[in-house]
Each structure stands twice: as C-alpha cells, then as structure tokens.
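Since the structure comes first, as structure tokens, the remarks are kept for the end.
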Amino acid sequence: MARLLEVNNLRTQFFTQDGVVNAVNGISYTLDEGETLGIVGESGCGKSVGVMSLIKLIPTPPGKIVEGSVIFNGENLIDMSDGEIRSVRGNKIGMIFQDPMTSLNPVLTIGRQIQEALELHMGMDKAQSKARAIELLELVGIPSAADRINDYPHQFSGGMRQRVMIAIGLSCNPQLLIADEPTTALDVTIQAQIVDLVKKLRDDLGMAIIWITHDLGVVAGLADRMLVMYAGMIVEEAPVKELYANPSHPYTVGLLGSLPRLDQVSGEKLDSIEGLPPDLIDLPKGCPFHARCKYRIEKCFTENPPLKTIGVGHKAACWIDVTKDPITTERPYQEV
Amino acid sequence: MSEQKDVLLRVDGLKMYFPITQGIVVQRHVGDVKAVDGLTFDIHQGETLGLVGESGCGKSTTGRAILQLYKPTAGQVIFEGEDITAMRGESLRKMRRRMQMIFQDPYASLNPRMTVGNIVSEPLEVHSLFNGKERREKVKELLDVVGLNPYFVNRYPHEFSGGQRQRIGVARALALNPDFIVCDEPISALDVSIQAQVINLLEDLQQEFGLTYLFIAHDLSVVRHISDRIAVMYLGKLVELTTRDELYANPMHPYSQALLSAVPIPDPVVEEKRQRVILEGDVPSPANPPKGCNFCTRCPKAFEPCYETEPEFKEIESGHWVACHLY
C-alpha cells in the first residue's frame, strides 16, 4: 500500500518558567494508507503532543516544534503556513478528541458544528451541508438524525456525543483519522459500541487511523501496528500480534505484566513496574527507563539505546535482549 | 481465598433516594432519583466484595450509604449484629472508627493546605488517640506501611504523584485500625503501571491486617483480580452476586454477560476470536426507571414479563444470586 504519512525525527518542546519540557524527543514512524496504528503509553509520555504536532495544534508559545518533518501525501506539514495547514485539518486529517463533554461547543447545535467543516472545506451551501450532516449522523448510528440535528450537545449522552465527534471527524472524508483516547471518558459497554463503530467505518471508508490510548486492551482488537512510547521516545514498534506475543522492551513487558486480565485465572500478584516516570524537564542520562528497569546493565546509565530492528517490522530501543537475558539480580545501582 | 466465614456486614433492603424539587421559595417534592433501590447482601469477614457497574448506577452511593455518609432512605446496615442506621451521635462516631474509606480521586481527596503528617494524623486527633510524640511515631509507621518514606511527613500533597497520593489516602484510612474499608474506585485515576502498585499494596495490607474490603470499580479486569465475590449493579439494583470464578465462568444475567464481553482483552489473538454482545443505547435515567425490569430497555433477551414485573433477586444456585425472569 502507498505511504500516507512519514514522521522524521519529530521533536517538540515546551518553554516554561521551570525549564524546557522535552515532551517529544525525536520520534520517527510511517503510516500506510488504510492502516491502523495504535500508540500506547502512560500519561505524560508525549503521545498526544506527538500527534498534535503532526497538524501543528501545539499552543505556540510555550510549545514549539524544534526539529523534524511530517510528510503527508508528499508535503511537509511542518513547513506549511497557518492558512495552508488549516485546509488540511478537519479535511484530509480528521480528529476525535478525548473528552466528548468538553470538545463540542455548548451554544451551537450539533448540526451547525458538523456543517461548519463541510461548508468550509467542501464548499457546500447550507442545504447540501445539512443533508450531508444528517447522512453522517445516520452513519454513526444516531436514531432520528433529521430531528436531532437541531439539538444542543447537552441533550446528548456521553456515548452519543462521542458519535457526533466521530461524525465531525469523518465529515470531509479524511485520509487519516486521529483518535486521541476517544473512549477513555466512556463506560465499557459504550466503549465497545464506539470501537465497533470505528472498525466498521474504517472497513467501509478505508481511511488510516492513529489511535492513541493508555489501554492496551482497546487497541489489541483494533490496530494493525503498535508504537509504545515512554518519556517522549518510541521504545518499541511492532505489528500488533508480535507486540503482545513477544514484547521486547522491558517497559512493554512491564506494562503487559501489570494489567490484570479478564480471561486469566488470578490470585497471583501483579508484576508492577516500580517507581515513577522521569521528569521531562530533567531527563536522566542514558536510557530514560533505566531507573525502573529490571534488566538494566551498566551501559543503560550512560547511553540511550537507538531503536533497532529485531524482527520483521519489529523494533525496540534496548541494549539487552529481554527474551534471552535473565533479570539481573544484582542490578548496578547509581546514587541520584 | 476465603472460605465461608462470619458475616461482618449485612445490608438489608438499602434504599437511597435523592429528592428532586421544584420552585424557588417553596420547594415542592416532584420526584426522586433512585440512586440505590433496595440492595440486600452480606460481606464476610476478611473477604473482598467487588461492586461493579457503569457510571451512574449507584455504586459509590452504596458505599457512602453503608458508611452512613448519607442517611439512607430505607433499609438497614448491620455491622457485627448492630444496626448502624439506627445509631446517632457518639455511638455512631465510635462505630466509624472501624469503617473507613479510600476515595477515587487522589488529587481531590487530600487537603492541599495540610501536610501529609496532618492528613494522616487527623483521624487520630478526631478520635483522641495517642498524644504528641506517640502520634507522630504512629504516622511515620503508617507511611512506612504504605510504602512511603516516613521523612515525607512535612511535605504537602502537591509534591507527590498520583500513585503516592493514593498511598497517603490509604495511610489515612488505616490510621484507626479499621476492620472494614470501602475502596471507591481507588485506582481508576492512576496510570496502568501505577495501578498495579496500588492493587498489590491493598492486597498486602489485607493479608497483614485482616481487612475486609468493599471494592467499587468499573474495571472488571481489576475487580476479577482483587475480589473473592462480585456483585454486579445496574441502575440502583443488584442484578447478580456470586463468587468471582463463578461470575466469569458462568455469568447468568444478560447484563453481566454483556458487561464481560465488552471488556477488551490485551491480546490480539483472543480479541480476533471473541464474540461480543454489544448493548444498544444508554442507561435510562434513575429518576425515571422503566417499568418492570430495569434492564429491559437494553436487554437482548427481554420477553413479556420483563416489561411488566420486576424480577426478584433470588438464589439460583448455592451462593449465586440473580435477578432475572429467565431463571
């Protein structure tokens, strides 16, 4: 399949009173047309900022994309002017945000909010855009769409609002849909509805998806390929089955170990990752994960491992091979 | 884990209604939000009872009503043979020493202007336990128990991360040596790797101090991990109550079945093969629950009686309670 997106060495920083926050530290990845990429990581690992940087939705100042390029359909989005990027956002690249309660405008009707993008990007008139908006609401499964188009966001439940957000994201037939934790604020039964809906729409419309989440469960049934982020860096990249079957970075191993699973007999202790993620203002020398790592060796304190290929489409940034090397019982310790 | 043990707490017909009023000067009572509508269950000594359900189903209200943080509309809460809903004043205050709570949001449940030492020692102060140096020693001991450095006593909550703050909340709950702790979604505000730390801590403390937990959560994987028995709640009512293994092997109520199938499993191979029961629509409003069974509006197996009469919560098999007309 053709290459849709290519991110090269993207680096985003925030210049704050406390110092420079290294939110995204040189990430590179690609996405093909129609592919679904899952990005997982904990809060503050730079997954949202990394994706917001793609379409320059970083508040500037304090934020700044200091390095890197984002090639979308052969054009570098980072070099675009504000006007040019605005014609891409909501048009070729659609977005769904995390919180459906706050990302809709409470004083505009649902219809108006969907029609806005259609009139702006597709040049439709009011009647055309209204017909299309009703069509979109039906597509995302909102009953009696023709009536509900005149309702305000407060008249919709959380799950319904997220459906409206998806309708807005899809309104201009985007080639890429960015979903930033779209189900985090929803209940499990509603989450299942939304995931099911997105899968169906993807298969019907053939767009590529970047799905950001902290929940390794949600993306397991959805993504083709996965990125694991930690402290603003990609620590592992693999096809989805490979990642869950052979996690090759100690952080991924730890994340999977710390999840209680519904389909497994419990009673054993969870394999938690000790400690806390590093401060992004003052990143440690060497590998960012070394302070919490069970496998660390001397080298981890001084040199940050590069993301290197370890299998077909499988990359990990680690000095050791977690599948072979045992957990070191006497770990080298460094006073901080 | 736990065999059939003594009943520590019995909840009998617990109802908690919140009135809806209209009018500015004269408040007319026009209806009720039936947050909790007639719950009956036991909690055994030393066990963890998981209480699961979606947001707005009344799980937290149940926890609070049991601890008498709300005055229940009806029903009894019997703690070791004594009805605490009938207690007032000093006797209730004494009883509270034995029942504590861990709150959901560690960012909102700690007073930002109090030091960690003050937060943890406040329950001791309120109940006039220990004095001066002894109390300070006790606080340090508590911090040590929950895995925090005792030197942190003079720090403020904002200096800690979410997981550490939740540990402070746990230390505060443990201060009075309670028998029973209501854990109200203690980990849902935390990151995955930190969640596991807090779950492990709660399990260790239970073993060490012989605690009994009511563990409220919406995450079924976590509840499966920590609970001995699980109660499933929908719109203010219990729909199913049984042992953990029985619930996951043999869920009987259509809602439990749908809820279990909606939980994603972190394994793409398993996910590919799974058959989902996807529920249509949303939870009805607790101010205006449907006639008959509360779940009839979304139930894939609903038939005539479901729209007419409310199903009874009854024991189908030994220790397996279900409220459904199918059985």
Side-chain angles (χ1 to χ4, degrees), chain A residues 40-45 141 143 156-160 183 185-193 195-197 214-223 226 239-245 251 254-277 292, chain B residues 1 52-57 147 160-164 189-201 203-204 218-227 244-245 248-249 255 258-274 276-283 285 298:
Chain A
V40 294
E42 293 177 89
S43 38
C45 74
F156 284 68
S157 68
M160 301 273 263
T183 60
L186 306 174
D187 275 317
V188 271
T189 58
I190 311 294
Q191 169 173 287
Q193 288 175 5
V195 170
D196 203 52
L197 172 71
H214 66 268
D215 185 338
L216 281 154
V218 176
V219 276
L222 188 74
M226 302 272 290
V240 66
K241 285 186 188 164
E242 172 76 7
L243 185 90
Y244 287 85
Y251 179 61
L255 269 188
L256 286 168
S258 58
L259 276 183
R261 280 178 58 163
L262 195 65
D263 61 336
Q264 275 175 359
V265 184
S266 38
E268 282 166 40
K269 287 207 81 168
L270 292 173
D271 203 358
S272 66
I273 308 176
E274 295 304 320
L276 300 169
R292 304 172 78 187
Chain B
M1 262 184 265
V52 293
E54 294 178 271
S55 42
C57 75
F160 295 91
S161 68
Q164 288 175 316
L190 307 173
D191 264 319
V192 180
S193 72
I194 312 294
Q195 283 188 355
Q197 293 175 8
V198 175
I199 294 174
N200 286 343
L201 172 70
E203 287 184 326
D204 288 346
H218 64 268
D219 184 335
L220 281 120
S221 323
V222 171
V223 170
R224 168 162 206 188
H225 182 82
I226 199 166
S227 309
R244 171 186 68 195
D245 295 336
Y248 287 91
Y255 180 64
L259 203 57
L260 286 172
S261 89
V263 177
I265 290 175
D267 188 335
V269 183
V270 177
E271 279 288 302
E272 239 173 39
K273 293 188 200 124
R274 279 177 95 202
R276 279 237 156 82
V277 186
I278 300 220
L279 290 179
E280 299 290 322
D282 290 306
V283 186
S285 156
R298 298 172 83 195

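Chain naming here is simple, since letters A, B, ... match the order of the sequence lines and numbering starts at 1 in each.
Closest approach of B:Ala262 to A:Thr189, counting heavy atoms only: CB-CA, 4.0 Å. A:Ala220 and B:Glu271 make their closest contact through CB-CG, 4.0 Å (heavy atoms, listed as atom of the first residue, atom of the second, distance). B:Pro266 and A:Tyr244 make their closest contact through O-CD2, 3.1 Å (heavy atoms, listed as atom of the first residue, atom of the second, distance). Smallest separation of non-hydrogen atoms from A:Asp215 and B:Pro264: OD2-CG, 4.4 Å.
Chosen from B:Ala196, B:Ser261, B:Ala258, the residue pairing most often with chain A at heavy-atom distances under 4.5 Å is B:Ala196. Among the candidates A:Ala245, A:Ser157, A:Pro277, A:Pro260, the residue making the largest number of heavy-atom pairs closer than 4.5 Å to chain B is A:Pro260. Chain A forms the most heavy-atom pairs under 4.5 Å with one residue out of B:Gln197, B:Arg298, B:His218, B:Arg276, and that residue is B:Gln197. Listed options B:Leu260, B:Asp267, B:Val263 were ranked by heavy-atom pairs under 4.5 angstrom with chain A; first place goes to B:Asp267.
Both the backbone and the side chain of B:Leu220 come within contact range of chain A, each with at least one heavy atom under 4.5 Å from a heavy atom of that chain. Proximity to chain A (any heavy atom under 4.5 Å) is restricted, for B:Asp204, to the side chain, taken from C-beta onward. For B:Val277, no part sits under 4.5 Å from any heavy atom of chain A, backbone or side chain. Residue contact with chain A, scored on non-hydrogen atoms closer than 4.5 Å, involves the side chain of B:Gln164 exclusively. Residue contact with chain A, scored on non-hydrogen atoms closer than 4.5 Å, involves the backbone and the side chain of B:Ser55 alike.
For the atom pair CD1 of A:Ile190 and CD1 of B:Ile278, the computed distance is 10.5 Å after rounding to the nearest 0.5 Å. Here the CG-CG distance, from B:Leu279 to A:Asp187, works out to 11.0 Å after rounding to the nearest 0.5 Å. Here B:Glu54 contributes atom CD and A:Gln191 contributes atom CD; the two are 11.0 Å apart, rounded to the nearest 0.5 Å. Distance check, rounded to the nearest 0.5 Å: CZ of A:Arg261 to NE2 of B:His225 gives 13.5 Å.
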